[in-house]
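Every chain is numbered from 1, with letters handed out A, B, ... down the list of sequences. All values reported here derive from a predicted model rather than from experimental measurement.
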Number of protein chains: 2
Amino acid sequence: MTAPSTQASPPPARRRRKNDPESVRADILAVASREFSEKGLSGARIDEIAEKTRASKRMIYYYFNDKETLYLHSLEAAYQKVRLQEAELDLDHLAPLEALSRLVRFTFCHHAKNPDFIRLVMIENIHHGRFLAQSELIQSLNAGVIDVLTNVYRRGVEEGCFREGLDPRELHWLISALSFFNVSNQHTFSRIFDWHQAAPENQQKLEDHVTDMVLRYVRPD
Amino acid sequence: MTAPSTQASPPPARRRRKNDPESVRADILAVASREFSEKGLSGARIDEIAEKTRASKRMIYYYFNDKETLYLHSLEAAYQKVRLQEAELDLDHLAPLEALSRLVRFTFCHHAKNPDFIRLVMIENIHHGRFLAQSELIQSLNAGVIDVLTNVYRRGVEEGCFREGLDPRELHWLISALSFFNVSNQHTFSRIFDWHQAAPENQQKLEDHVTDMVLRYVRPD
DNA sequence: GCAACAATGTACGAAATGGTACGTTCAGTC
DNA sequence: GACTGAACGTACCATTTCGTACATTGTTGC
């Protein structure tokens with residue numbers, strides 16, 4: 001009661017709030033992301049998200065207005081996290097072949113390590129990309145990816161180690177497709193063909209093959 | 001449960017039934033497939049399925065016991081339809097290169113023309129393939145696909161137009177991945193990269209590129 | 001110290017939703 | 001033409017689920 005007399009000197013180390021809106025918000029978002037990723041938009045339950053949170057259901061509606069908005073924020077957060085990691089790659093100082101190979105392996109491994117992100121994107125596609133369309137944030141985040149690839153490819157063509165006439169966007173499509181499918185269809189594929197695709201040795205093989213595929217596709221005849 | 005009623009003497013000419021169980025059942029299944037494909041297992045509503053059917057909600061529970069069973073039957077029906085179409089391809093009389101190229105194009109086009117099937121598979125993967133695991137039917141349907149590819153590949157290696165050392169299952173994985181992703185991620189990809197992927201001219205380009213990718217992957221160095 | 005606003009807890013409401021009870025009609029059999 | 005089981009319709013129930021009303025507590029500026 002008498003403690004708040006220390007107005008004049010708030011040391012940077014102080015963490016003495018009982019109300020901690022930012023952390024509550026972040027907590028809700030984290031829990032919601034997991035739930036939506038696991039069960040989809042219609043499958044996830046607000047009440048269950050509330051239970052798994054330190055906060056209450058009331059807080060979900062306080063910070064996010066409704067279920068769909070919460071979902072949209074989960075999706076945005078997921079994309080943001082991905083692009084942040086992607087930005088750490090710097091390929092400009094590598095030889096084109098090396099750079100491309102590294103990009104492929106990075107994408108493949110990244111997707112494999114972030115199934116929650118993949119699942120959210122799958123779910124968003126089930127919804128026809130309707131929420132993504134509302135988000136200017138996500139749109140703006142993704143321009144950079146193509147730029148990087150465009151650069152690497154151009155250098156490769158100039159140096160003669162890549163063949164001409166390819167569209168960097170389609171190259172990106174190819175890399176994405178293989179890396180994405182590896183996670184998105186793991187369950188059905190494994191079960192149908194009785195092949196433990198998630199096993200580390202098989203993942204390693206797939207990573208090698210996927211890299212190989214892309215490199216074979218771009219190399220001159 | 002409801003085995004096809006092969007009664008001893010159903011006069012072939014008679015057409016005067018008011019009760020028409022088989023068509024009711026088929027109607028329910030067709031509507032359910034569309035609904036599940038569009039909205040997912042949790043998103044689809046039994047009441048809405050019932051409304052869109054000639055039958056009533058009671059009938060859904062009469063022929064299928066509950067929502068999940070209905071979903072499982074939808075999934076099985078979808079796989080059955082696919083494999084039926086696939087069986088029509090006969091590649092054994094074609095030269096290996098031609099056969100492979102044809103198989104790739106067939107798969108690509110087939111997936112593109114059957115988004116409902118793709119969506120059901122996506123949804124099933126969201127559910128960790130838990131329903132597919134229950135279905136002996138689907139498991140048994142899929143053995144053939146690999147056999148066909150194994151044959152073509154073996155012949156190609158013998159004739160020297162394919163390189164050695166590839167696994168037909170991984171080859172199938174590659175073809176599936178590219179054809180599947182083309183449909184499954186169309187919405188997010190189109191929106192993010194502002195590229196009208198579904199446009200016929202772009203689909204044609206993708207089909208060519210995908211075929212090219214596979215052929216480049218298998219051809220000898 | 002106190003007003004004003006931000007942050008939070010509790011309890012509840014209305015509609016949706018999966019599933020069922022129960023009765024009726026149809027079609028083949030004797 | 002009565003009997004029987006399959007096929008079907010209507011009305012309903014119990015629960016779940018999204019969302020909100022209302023009261024309470026913390027925080028900050030003056």
Side-chain angles (χ1 to χ4, degrees), chain A residues 1-10 14-29 31-32 35-36 38-74 131, chain B residues 1-29 31-32 35-36 38-74 127 131:
Chain A
M1 296 287 195
T2 34
S5 54
T6 43
Q7 295 277 345
S9 55
R14 61 187 302 279
R15 286 288 77 193
R16 286 277 27 209
R17 286 173 58 157
K18 194 167 174 194
N19 281 3
D20 190 353
E22 284 175 36
S23 116
V24 166
R25 212 190 115 102
D27 185 34
I28 291 174
L29 202 56
V31 173
E35 285 294 304
F36 283 128
E38 187 58 29
K39 316 197 181 152
L41 172 55
S42 44
R45 302 295 167 213
I46 292 282
D47 288 279
E48 202 172 337
I49 294 174
E51 257 180 38
K52 295 186 178 171
T53 302
R54 285 190 274 99
S56 69
K57 184 160 73 155
R58 179 68 185 77
M59 285 296 94
I60 295 176
Y61 287 97
Y62 184 71
Y63 286 113
F64 310 90
N65 293 321
D66 52 28
K67 197 187 186 186
E68 296 201 344
T69 305
L70 179 58
Y71 167 77
L72 177 58
H73 279 86
S74 301
F131 296 91
Chain B
M1 291 158 214
T2 27
S5 53
T6 28
Q7 301 294 344
S9 56
R14 55 189 310 282
R15 291 281 73 203
R16 285 280 30 196
R17 281 175 58 159
K18 194 169 172 191
N19 280 2
D20 189 353
E22 283 176 35
S23 117
V24 167
R25 210 191 117 103
D27 185 33
I28 292 175
L29 201 55
V31 173
E35 286 294 303
F36 283 128
E38 188 58 30
K39 316 200 182 149
L41 172 55
S42 44
R45 302 295 167 211
I46 292 283
D47 287 278
E48 203 173 335
I49 294 174
E51 258 180 37
K52 296 185 178 171
T53 302
R54 287 190 275 98
S56 67
K57 185 160 74 156
R58 179 68 184 78
M59 285 296 95
I60 296 175
Y61 288 98
Y62 184 71
Y63 286 113
F64 310 90
N65 293 320
D66 52 26
K67 197 186 187 187
E68 296 201 343
T69 305
L70 180 58
Y71 167 78
L72 177 58
H73 278 86
S74 301
H127 291 281
F131 296 92

Quick one: salt bridge (charged side-chain N to carboxylate O under 4.0 Å, His left out) partners of Glu51(A), sequence neighbours excluded? none
Mapping Glu68(A) and Val24(B) to their closest nucleotides on DNA chain D, which lands nearer the 5' end? Val24(B)
With sequence neighbours excluded, tell me which residues meet side chain to side chain donor-acceptor pair (under 3.5 Å) with Arg45(B). none
Rounded to the nearest angstrom, tell me the gap between atom NZ in Lys67(A) and atom P in dA16(C). 15 Å
By ring-ring contact (aromatic ring centres under 6.0 Å, His included) - contacts of Phe64(A) (at least two apart): His73(A)
Could you tell me which non-hydrogen atom of Ser74(A) sits nearest to which non-hydrogen atom of Ala32(A), and how far apart they are? OG-CB, 3.8 Å
Would you say a side-chain N or O of Tyr62(B) is under 4.0 Å from OP1 or OP2 of dC8(D)? no
State which residues pass side chain to side chain contact (heavy atoms under 4.5 Å, CB included) with Glu35(B); sequence neighbours excluded, sorted by chain then number. Val31(B), Lys39(B), Ala44(B), Glu48(B), Ile49(B), Lys52(B)
Whole-Å distance between dC18(D) P and Asn65(A) CG? 16 Å
Distance, rounded to the nearest Å, where Asp66(A) contributes CG and dG19(D) contributes P: 5 Å
Output one line per pair: protein atom, nucleotide atom from nucleotides 9-11 of chain D, and distance, for all N/O pairs under 3.5 Å.
{"unit_1": "dG9(D)", "atom_1": "OP2", "unit_2": "Ser56(B)", "atom_2": "OG", "d": "3.0"}
{"unit_1": "dG9(D)", "atom_1": "O6", "unit_2": "Arg58(B)", "atom_2": "NE", "d": "2.9"}

Under 4.0 angstrom, heavy atoms only, what part of the nucleic acid is Phe64(A) near: base, sugar-phosphate, or nothing? nothing
Can you name the side chain to side chain donor-acceptor pair (under 3.5 Å) partners of Thr53(A), sequence neighbours left out? none
Would you mind listing every salt bridge (Lys or Arg N to Asp or Glu O under 4.0 Å) that reaches into residues 57-66 of chain A, with sequence neighbours excluded? Asp47(A)-Lys57(A)
Atom pair distance, as rounded to whole Å: OH in Tyr71(B) and P in dG18(C): 15 Å
Who are the ring-ring contact (aromatic ring centres under 6.0 Å, His included) partners of Phe36(A), not counting sequence neighbours? Tyr71(A)
Residues touching DNA chain C, which here means a heavy atom under 4.0 Å, drawn from residues 44-51 of chain B: Ala44(B), Arg45(B), Ile46(B), Asp47(B)
